[in-house]
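Just so we're clear, the structure is a prediction, and the values are computed from it rather than from any experiment.
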Amino acid sequence: MKKPHYNYVIVGDDYFSEEENKMLNEAAEEAERGYSLEFLNKCRPGRPLKIGRTPARHKVQVRLDNARLELVDGYARKLGVSRSEAIRALLDKALASA
């Protein structure tokens, strides 16, 4: 069996700027101290219970062609939201004018 070949570049402190070295060393020290896991207790698994004013209980699947998907994704990027949130916003706009 042939062993995999990895290309690694080993660098020292002189490879990075003083600011980058400081940032890397602080991150390493923080990792060595360990991280607080308290935030894990606050999270609940699963989807959000509410989207808007009412519980979100229905999942709707829609097939889109490439052009429509690109438009939706562009709209989502423009708003700074997820694809699902963008689709909900577009649905709200369309239904409000219907």
Heavy atoms, side chains only, cut-off 4.5 Å: are E26 and E30 in contact?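 A side-chain contact under 4.5 Å is absent here.
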Would you say L79 and E85 make side-chain contact, with heavy atoms under 4.5 Å?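 The answer is no; the side chains never approach within 4.5 Å.
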State the [atom1]-[atom2] distance between [X] and [Y], to the nearest 0.5 angstrom.
X	Y	atom1	atom2	result
N21	Y15	CG	OH	12.0 Å
S82	R77	OG	CZ	13.0 Å
L64	R83	CG	CZ	8.0 Å
E19	K22	CD	NZ	8.0 Å

Donor-acceptor pair, side chain of E70 and main chain of A67, under 3.5 angstrom: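 Pair absent, no side-chain N/O of E70 close to backbone of A67.
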What donor-acceptor contacts under 3.5 angstrom involve side-chain atoms of residues 86-98, with partners at least two apart or in another chain?
residue, atom, partner, partner atom, Å
K93, NZ, Y75, OH, 3.0
S97, OG, K93, O, 3.4
S97, OG, A94, O, 3.1

Has N66 got more than 12 heavy atoms of other residues, nucleotides or ligands less than 6.0 Å from its CG?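 Counting neighbours around CG of N66, 12 or fewer heavy atoms of other residues, nucleotides or ligands fall under 6.0 Å, so no.
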